[in-house]
Amino acid sequence: MRIAVLGGDGTGPEVVAEGLKVLKAVAQKVGFTYETKEFSLSGDRYLAAGGDPKVQNIPVIHDHEVAELRTFDAIYLGAIGHPKVAPGILEKGLLLRLRFELDQYINLRPVKLYPGVWTPLKDKGPDEIDFIVVRENTEGLYSGMGGVQFKGTPHEVATQVLCDTRMGVERAIRYAFEVCRKRNRKKRLTLVGKTNVLTFAHGLWYRTFMEIGEEYPEIEKDYNHVDACCMWFVKNPEYYDTIVTDNMFGDIITDLGAMIQGGMGVAAGGNLNPQGVSMFEPIGGSAPKYTGMNVINPIAAISAMGMLLRETGNHQSNAKWIQAGDLVELAVTATTPKMKSQAAGKMGFSTTEVGDLVAAAI
Ligand code: IPM
Ligand code: MN
């Protein structure tokens, strides 16, 4: 397995190092070899190369680097975001660019409460909080279409186009039905949208969902408006099995999901192109204030490594990689009960010690 490693900004490199530690342990255990190559892509590099902190003037990632990334089996990303660089430059210049150009059309985000992890939801435990969100990852409000006119005047006009296509919606929905079928839990797929307001775009989602759903008679086809979904996440998270939703709503509800599963230190995600190169990341940010202190929680990054192994194994039909991914997940499950908290600086262990615990559990 060849893995491109993008530590990125802030605490990204620290958590990625722990994921690689666990990779080493699990590769030995299961018996496969791998190679990693580090790419120094970050806000610091952008600034050092003469990047303007306010408006993007040079590439954050070069064309030849994107081309090289296409040759790997998977990409492992730490975090992107720099306090001195204006919002949007690194996000659009690196993260969104890779999602779009590598056509990583699924963002897979499990919301799973591990044993011993505190949740702010009273009377809910690991049995109640265990669902998965399939977020469409290349369209919707993230399409980048729109613009401003008469900027800075009282007549300023701003448009931001929600662009959905039948092809994009259909492939996300189909992927979600397959995830739901494999999970074998409640056999319920919930489409989350806003069909009462976004009548055009989410009308397309709803019609496509019902149509594709006919191919999956054993799966319950369920629909929630996004606002109601936020309510149920808090009140009845056990209701959910698999959720499919558009890019923007998927972004928002998975932060809420991250909180009920114990915080940003725990939540992992995969940007998937099942036919191409996928990218895995902890979904929390670069946490600049904790950089270099050995206090940030690496569990999310380690789980992301588990997803990297399992999903890349699934896409390439490699049983050892799948087994390795499952082992990482088990090792995380064995480690979280030993930790005092999942919050940075309160874990009862340092970043590197948590990585050691998971590697030992392997
Ligand atoms: C995420 C992040 C990104 C997103 C940002 C950094 C562009 O919030 O991965 O959820 O909105 O998709
Ligand atoms: Mn987000």
Side-chain angles (χ1 to χ4, degrees), residues 1-6 23 32 34 66-77 95-112 131-140 142-143 164-185 187 189-192 205 208-209 211-213 215-216 219 241-247 250-251 254 267-283 303-326 328-329:
M1 178 182 265
R2 291 180 64 244
I3 304 172
V5 178
L6 280 55
L23 169 65
F32 66 89
Y34 66 92
V66 178
E68 190 181 349
L69 287 175
R70 288 180 191 277
T71 68
F72 287 83
D73 292 304
I75 302 169
Y76 187 42
L77 173 68
L95 187 63
L96 298 182
R97 179 166 176 199
L98 288 178
R99 286 178 182 171
F100 289 0
E101 286 191 27
L102 301 181
D103 201 19
Q104 295 163 338
Y105 59 89
I106 299 294
N107 197 325
L108 195 62
R109 297 189 162 182
V111 177
K112 188 175 160 80
F131 58 91
I132 189 157
V133 178
V134 176
R135 165 185 173 189
E136 198 291 320
N137 211 32
T138 54
E139 304 195 327
Y142 282 69
S143 70
D164 281 339
T165 68
R166 169 72 197 212
M167 187 271 288
V169 166
E170 182 170 331
R171 64 186 181 174
I173 287 172
R174 201 174 283 283
Y175 188 89
F177 272 111
E178 292 293 332
V179 168
C180 186
R181 177 181 267 174
K182 282 210 200 96
R183 267 172 69 81
N184 219 359
R185 230 174 112 82
K187 297 264 177 209
L189 178 62
T190 306
L191 169 67
V192 170
W205 272 88
T208 309
F209 181 67
E211 214 177 293
I212 303 298
E215 296 170 32
Y216 299 86
I219 296 175
D241 169 353
T242 309
I243 289 175
V244 63
T245 189
D246 81 355
N247 209 342
D251 176 48
T254 53
N271 303 275
L272 311 182
N273 177 344
Q275 292 81 34
V277 185
S278 302
M279 175 166 72
F280 299 83
E281 51 173 344
I283 78 174
S303 296
M305 175 53 76
M307 285 182 79
L308 181 154
L309 292 163
R310 195 176 49 243
E311 296 307 322
T312 311
N314 277 330
H315 299 160
Q316 298 192 28
S317 305
N318 185 313
K320 282 194 173 175
W321 298 349
I322 297 173
Q323 188 195 347
D326 291 344
V328 171
E329 165 120 11

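As the structure is a computational prediction, the values presented were derived from the model and not from experiment.
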Can a salt bridge be assigned to the pair Arg70 and Asp103 using a cut-off of 4.0 Å between side-chain N and carboxylate O?
no
May I have the step-by-step check of side chain to side chain contact (heavy atoms under 4.5 Å, CB included) for Val169 and Thr165, ending in yes or no?
CA-CA 6 Å; Val169 166; Thr165 68; 5.8 Å; no
Using 0.5 Å steps for rounding, measure from the CG atom of Leu308 to the CG atom of Leu272.
10.0 Å
Flag the pair Met307 / Glu329 as yes when at least one side-chain heavy-atom distance between them is below 4.5 Å, and no otherwise.
no
Enter the distance from Ile212:CD1 to Phe177:CZ here, rounded to the nearest 0.5 Å.
8.0 Å
Do Tyr175 and Leu108 make a side-chain contact, defined as non-hydrogen atoms from C-beta onward lying under 4.5 Å apart?
yes
Ionic contact status for Glu139 with Arg166, cut-off 4.0 Å:
no
First locate atom CE of Met279, then atom CG of Leu98, and finally report the distance between them rounded to the nearest 0.5 Å.
5.0 Å
Go through Arg181 and Ile219 one step at a time and tell me if the side chain to side chain contact (heavy atoms under 4.5 Å, CB included) criterion holds.
CA-CA 7 Å; Arg181 177 181 267 174; Ile219 296 175; 4.1 Å; yes
Looking only at atom types and distance, does a side-chain atom of Thr71 sit under 3.5 Å from a main-chain N or O of Glu68, one as donor and one as acceptor?
yes
Nearest 0.5 Å, what's the OH-CG distance between Tyr34 and Asp73?
14.0 Å
For the residue pair Tyr216 / Glu178, report whether a side-chain donor-acceptor contact shorter than 3.5 Å exists.
yes
Which pair of non-hydrogen atoms, one from Ala304 and one from Phe280, has the smallest distance, and what is that distance?
O-CB, 3.7 Å
Flag, side chain of Arg135 to backbone of Asn247, donor-acceptor distance under 3.5 Å:
yes
Distance check, rounded to the nearest 0.5 Å: Leu23 atom CG versus Met305 atom CE?
4.5 Å
Pairwise side-chain contact, Ile3 with Ile75, heavy-atom cut-off 4.5 Å (strictly under)
no
With heavy-atom distances below 4.5 Å as the criterion, would you say the side chains of Phe209 and Leu189 are in contact?
yes
For the atom pair CG (Asn137) and CG (Asn107), what is the distance rounded to the nearest 0.5 Å?
4.0 Å
If you compare all heavy atoms of Trp321 against all heavy atoms of Gly313, which two are closest, and at what distance to 0.1 Å?
CB-CA, 3.8 Å
Less than 4.0 angstrom from a charged side-chain N to a carboxylate O is my criterion; do Asp241 and Lys187 meet it?
no
Could you tell me whether a side-chain N or O of Asp246 sits under 3.5 Å from a main-chain N or O of Gly140, the two making a donor and an acceptor?
no
Is a side-chain N or O of Gln104 found less than 3.5 angstrom from the main chain of Val277, in a donor-acceptor match?
yes
Any non-hydrogen side-chain atom of Val111 less than 4.5 Å from a side-chain atom of Ile243?
no
Strictly by modelled atom types, are Asp164 and Trp205 linked by a side-chain donor-acceptor pair under 3.5 Å?
yes
A side-chain contact here means heavy atoms from C-beta on lying under 4.5 Å apart; do Ile106 and Val134 qualify?
yes
Is the closest basic N to carboxylate O distance between Arg171 and Glu136 below 4.0 Å?
no
Below 4.5 Å, heavy atoms only, C-beta onward: do Leu309 and Met1 meet side chain to side chain?
yes
Answer yes or no: is there a donor N or O on one side and an acceptor on the other, between the side chain of Thr245 and the main chain of Val192, under 3.5 Å?
yes
Run the side chain to side chain contact (heavy atoms under 4.5 Å, CB included) test on Thr208 and Ile173 for me, step by step, so that the C-alpha distance in whole Å, both residues' side-chain angles and the decisive distance to 0.1 Å come before the verdict.
CA-CA 8 Å; Thr208 309; Ile173 287 172; 4.0 Å; yes
Are the side chains of Glu311 and Ser278 in touch, meaning some heavy atoms are under 4.5 Å apart?
no
Show, in sequence, the C-alpha distance, side-chain angles and deciding distance for Tyr142 and Asp251, and conclude whether the side chain to side chain contact (heavy atoms under 4.5 Å, CB included) test is met.
CA-CA 10 Å; Tyr142 282 69; Asp251 176 48; 3.2 Å; yes
Could you verify whether a donor N or O on one side chain and an acceptor N or O on the other, from Tyr105 and Asn271, lie under 3.5 Å apart?
no
